[in-house]
Structure formats: structure tokens, C-alpha cells
Q: 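Input: one structure, supplied below.
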Amino acid sequence: LEFAKQYAARGWTVYATHHFPETPRSLAELKAQYPALVQVELLDVTRDEHVALLATKLKGRPIDVLLNNAAIKRTGPIRDRQANQGQYFGTLDFQQFQQFLDVNTAGPLRVIQGFIENVRLSRQKKLVTISSAAGTVSVLPNASTDYWYRISKAALNQAMRLVTVEVKDLGITAVMFHPGGVEVESFQGQNIPGLIPTPVAVGKMM
């Protein structure tokens with residue numbers, strides 16, 4: 001949402017997507033603020049048909065920056081271990097793992113594959129994916145938590161390295177960002193020290 005806000009404020013055309021039955025109020029308000037720039041679309045990154053429908057709708061339109069941001073981090077409040085027990089050893093929920101992989105790893109690949117021609121037609125030709133240091137395998141994790149999130153982000157990192165090789169001859173740049181600990185909606189009210197305000201984190205990445 002913050003990316004959409006800042007790009008629209010800079011005068012970019014923004015295709016802002018969501019996966020809800022109805023347009024979220026925040027996106028409706030952004031559309032009302034920038035009616036000529038913001039186009040709100042339905043896109044569940046786990047649904048092949050959603051990608052295909054939107055790709056058809058946007059066929060021939062250049063996309064300078066294709067931004068993959070959809071992800072699942074946990075299934076309940078951050079401090080409630082019981083709510084997230086499916087990601088802890090001893091109570092690992094392997095069916096839940098499939099959902100994490102579908103959103104966090106396969107989702108960005110679906111989107112990139114569906115809109116790669118739009119990116120190729122653009123001037124900037126950028127594929128940007130928000131990853132996480134939780135997907136790093138070169139150092140040990142600081143705790144044995146969030147199994148599915150960490151594993152799916154590690155898989156995403158490898159997927160994006162493959163995509164980088166795939167698109168380099170098209171002049172397309174593919175990058176991943178670890179934005180740091182960002183004060184996103186699910187962290188609000190948690191009083192977690194050191195979080196970066198969302199507008200600051202997004203501004204730095206842009």
C-alpha cells in the first residue's frame with residue numbers, strides 16, 4: 001500500500017492489486033485521491049486465472065516496475081505461539097506449508113511469468129521482489145521459529161536468482177530487497193523496538 005501511495009504521489013501510473021472480495025477502503029481512498037493514476041485490480045497470487053485475466057486486460061501496456069510484495073508471515077499474532085504453532089517444530093502443519101509456498105514462492109513466479117512481456121515493453125524493465133533476511137542460509141537463524149516463512153523465503157531467493165538468469169538477455173533487471181524490520185500493520189500496537197516506519201522503508205527501497 002505504501003509503495004502505491006508513494007508512486008502515485010510521484011505521478012506514476014499504478015496498478016494496485018489486492019485479493020479481497022471487495023476493494024479495501026485504503027485502496028479506494030487512494031484511487032479517489034489519484035483517479036487518473038491509480039487503477040485497482042483483483043489479483044490473488046495463488047490463482048492462475050487471476051493472473052491470466054489481469055494479464056489479458058493489461059496486454060500491451062508497459063510496466064516499468066513489477067513489484068512482488070504479497071506474502072504470509074504467520075497465521076496469528078506475533079507474540080501468540082499457540083496461534084502460530086503450525087510453524088514450530090513438534091507441531092509443524094505440513095498442509096499449511098503448502099499455503100506458504102504457494103503465496104511466498106510460487107506467487108511471485110506466477111506474477112512475473114504472467115507480466116514479463118509488459119516489463120519487456122517498458123523503459124526501466126525492473127522486476128522487484130520483497131524478500132527477507134529470514135530466507136538467508138549463509139548464517140544460522142537467530143531462533144528456530146517461523147519454519148514455513150523462512151523456508152519459503154529461502155526458496156523465493158533461489159527462484160529470483162533463476163529469474164535473473166532467465167531475463168538478463170532481455171535487458172531486464174531482477175532484484176530482491178530485505179527491507180529490515182518494518183512497522184507494518186501486523187506489528188502495530190506490539191511495542192517492538194527498532195522497527196522502521198513504513199514510509200521510510202519504502203522510500204529507501206524506491
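Here the structure is a predicted model, which means the values were calculated and not measured.
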Q: Apply the test side-chain contact (heavy atoms from CB on, under 4.5 Å) to residues Val51 and Phe115: give CA-CA distance (whole Å), side-chain angles for both, the deciding distance (0.1 Å), then the verdict.
A: CA-CA 8 Å; Val51 174; Phe115 297 95; 4.0 Å; yes
Q: Step by step, would you call Arg74 with Tyr149 a side-chain contact (heavy atoms from CB on, under 4.5 Å)?
A: CA-CA 7 Å; Arg74 67 190 78 87; Tyr149 179 72; over 6 Å; no
Q: Say you draw a straight line from NZ of Lys31 to CD of Glu29; how long is it, rounded to the nearest 0.5 Å?
A: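 Output value for this atom pair is 14.5 Å.
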Q: Sequence neighbours excluded and cut-off under 3.5 Å, please list the side-chain donor-acceptor pairs for residues 34-43, or say none.
A:
residue	atom	partner	partner atom	Å
Gln39	OE1	Arg61	NH1	3.3
Gln39	NE2	Glu41	OE2	2.5
Glu41	OE1	Lys57	NZ	3.1
Glu41	OE2	Lys57	NZ	2.9

Q: Throw together a table of side-chain donor-acceptor distances under 3.5 angstrom for residues 161-168, partners on residues two or more places apart or in other chains.
A:
residue	atom	partner	partner atom	Å
Thr164	OG1	Met160	O	2.8

Q: Show me the pairs that pass salt bridge (charged side-chain N to carboxylate O under 4.0 Å, His left out) and involve residues 134-145, at least two apart or across chains.
A: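 Not a single pair qualifies under salt bridge (charged side-chain N to carboxylate O under 4.0 Å, His left out).
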Q: Nearest 0.5 Å please: distance from the CE atom of Met206 over to the CZ atom of Phe177.
A: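 Answer rounded to 0.5 Å: 10.5 Å.
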Q: If only atom types and distance count, is the side chain of Asn104 paired as donor or acceptor with the main-chain N or O of Lys153 below 3.5 Å?
A: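 No: the side chain of Asn104 does not pair with the backbone of Lys153.
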Q: How close do Asn157 and Gly135 get, heavy atom to heavy atom, and via which atoms?
A: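 Taking every non-hydrogen atom into account, ND2-O, 3.6 Å.
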Q: Quick check on the hydrophobic clustering: are Leu101 and Leu92 connected, directly or via other members, by side-chain heavy-atom contacts under 4.5 Å?
A: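 Same hydrophobic cluster.
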Q: Is it the case that the side chain of Thr198 and the backbone of Glu183 share a donor-acceptor pair, with hydrogens and angles ignored and the cut-off at 3.5 Å?
A: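 It does hold such a pair.
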Q: Do Leu109 and Ile116 land in one hydrophobic cluster if side-chain heavy atoms of ILVMFWY residues count as linked below 4.5 Å?
A: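 Same hydrophobic cluster.
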Q: Indicate, with yes or no, if Val175 and Leu66 share a hydrophobic cluster defined by side-chain heavy-atom contacts under 4.5 Å among Ile, Leu, Val, Met, Phe, Trp and Tyr.
A: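 Not linked; separate clusters.
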Q: Could you work out, with side-chain hydrogen bond (donor to acceptor under 3.5 Å, both in side chains) as the rule, every residue matching Asn118, not counting sequence neighbours?
A: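 side-chain hydrogen bond (donor to acceptor under 3.5 Å, both in side chains) check on Asn118 returns nothing, list empty.
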Q: According to side-chain hydrogen bond (donor to acceptor under 3.5 Å, both in side chains), does anything in residues 90-103 pair up with another residue at least two apart or in another chain? List the pairs.
A: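 Of all non-adjacent pairs touching residues 90-103, those that pass side-chain hydrogen bond (donor to acceptor under 3.5 Å, both in side chains) are Asp102-Arg110.
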Q: Could you give me the CA-CA distance, side-chain angles and deciding distance for Tyr15 and Leu54, then say whether side-chain contact (heavy atoms from CB on, under 4.5 Å) is met?
A: CA-CA 10 Å; Tyr15 303 113; Leu54 186 55; over 6 Å; no
Q: Once ring pair (Phe, Tyr, Trp, His ring centres under 6.0 Å) is applied, do any residues pair with Phe89, and if so which ones, sequence neighbours excluded?
A: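 Ring pair (Phe, Tyr, Trp, His ring centres under 6.0 Å) list for Phe89, sorted by chain: empty.
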Q: Can you tell me how far the CZ atom of Phe100 sits from the CZ atom of Phe94, to the nearest 0.5 Å?
A: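 Here the interatomic distance stands at 13.5 Å.
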Q: Among pairs that include at least one residue of residues 135-147, which meet salt bridge (charged side-chain N to carboxylate O under 4.0 Å, His left out), considering only residues two or more places apart or in two chains?
A: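 Qualifying pairs: Lys73-Asp146.
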Q: Determine yes or no for a side-chain-to-main-chain donor-acceptor pair under 3.5 angstrom, with Thr46 supplying the side chain and Val103 the backbone.
A: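 No.
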Q: Counting distance only, does the side-chain N/O of Ser122 pair as donor-acceptor with the main-chain N or O of Ile63 below 3.5 Å?
A: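 Yes, because the side chain of Ser122 sits within donor-acceptor range (under 3.5 Å) of the backbone of Ile63.
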Q: Do you know which two heavy atoms are closest between Tyr147 and Ser144, and how far apart they sit?
A: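 Here Tyr147 and Ser144 meet closest at CE1-O, 3.9 Å.
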Q: Hey, is the main chain of Ala83 close enough, under 3.5 Å, to the side chain of Thr75 for a donor-acceptor pair?
A: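 Yes; at least one donor-acceptor contact below 3.5 Å.
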Q: Does Glu22 have any side-chain contact (heavy atoms from CB on, under 4.5 Å) partners at least two apart in sequence or in another chain, and if so, which?
A: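 Glu22 satisfies side-chain contact (heavy atoms from CB on, under 4.5 Å) with no residue once adjacent residues are dropped.
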Q: Quick check: closest heavy atoms across Gly114 and Ala55, and the distance to 0.1 Å?
A: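 Minimum heavy-atom separation between Gly114 and Ala55: O-CB, 3.6 Å.
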Q: Who else is in the cluster with Val200 when I, L, V, M, F, W and Y are joined by side-chain contacts under 4.5 Å?
A: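 Members alongside Val200: Ile196.
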Q: Are Leu58 and Ile172 in one and the same hydrophobic cluster, where Ile, Leu, Val, Met, Phe, Trp and Tyr link if side-chain heavy atoms are under 4.5 Å apart?
A: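 Leu58 clusters together with Ile172.
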Q: Would a 4.5 Å heavy-atom cut-off, applied to side chains only, mark Pro179 and Met205 as touching?
A: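 They are in contact (side-chain heavy atoms under 4.5 Å apart), so the answer is yes.
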Q: If the condition is side-chain hydrogen bond (donor to acceptor under 3.5 Å, both in side chains), which residues does Asn142 pass it with, not counting sequence neighbours?
A: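 Counting only residues at least two positions away or on another chain, Asn142 forms a side-chain hydrogen bond (donor to acceptor under 3.5 Å, both in side chains) with Arg150.
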Q: Do Ile151 and Met176 land in one hydrophobic cluster if side-chain heavy atoms of ILVMFWY residues count as linked below 4.5 Å?
A: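 As far as the 4.5 Å side-chain criterion goes, Met176 and Ile151 are connected within one cluster.
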Q: Run the side-chain hydrogen bond (donor to acceptor under 3.5 Å, both in side chains) test against Lys126 and tell me which residues pass, sequence neighbours left out.
A: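 With sequence neighbours excluded, Lys126 shows a side-chain hydrogen bond (donor to acceptor under 3.5 Å, both in side chains) to Gln124, given in chain and number order.
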Q: Taking side chain as C-beta onward, heavy atoms only, is Lys59 less than 4.5 Å from Thr56?
A: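 In short, these two side chains do not touch, never coming nearer than 4.5 Å.
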Q: Could you measure the distance from the CG atom of Asn84 to the OG1 atom of Thr145? Nearest 0.5 Å is fine.
A: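 Answer for the CG-OG1 pair, Asn84 versus Thr145, is 9.5 Å.
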Q: For Glu2, which residues count as a side-chain hydrogen bond (donor to acceptor under 3.5 Å, both in side chains) partner, sequence neighbours excluded?
A: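 Expected list: Gln6.
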Q: When rounded to the nearest 0.5 angstrom, what is the spacing between CG in Leu127 and CG in Leu67?
A: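 It is 10.5 Å, given to the nearest 0.5 Å.
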Q: For Lys5 and Val202: C-alpha separation, side-chain torsions, deciding distance, then whether side-chain contact (heavy atoms from CB on, under 4.5 Å) applies.
A: CA-CA 10 Å; Lys5 288 179 178 179; Val202 167; over 6 Å; no
Q: Which heavy atom of Leu30 sits nearest to which heavy atom of Ala4, and what is that distance?
A: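 In this case the closest contact between Leu30 and Ala4 is CD2-CB, 3.6 Å.
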Q: Could you label the plane-to-plane angle of the Trp12 and Tyr7 rings as parallel, tilted or perpendicular, counting under 30° as parallel and over 60° as perpendicular?
A: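 Taking Tyr7 first and then Trp12, their aromatic rings sit tilted (interplane angle of 30° to 60°).
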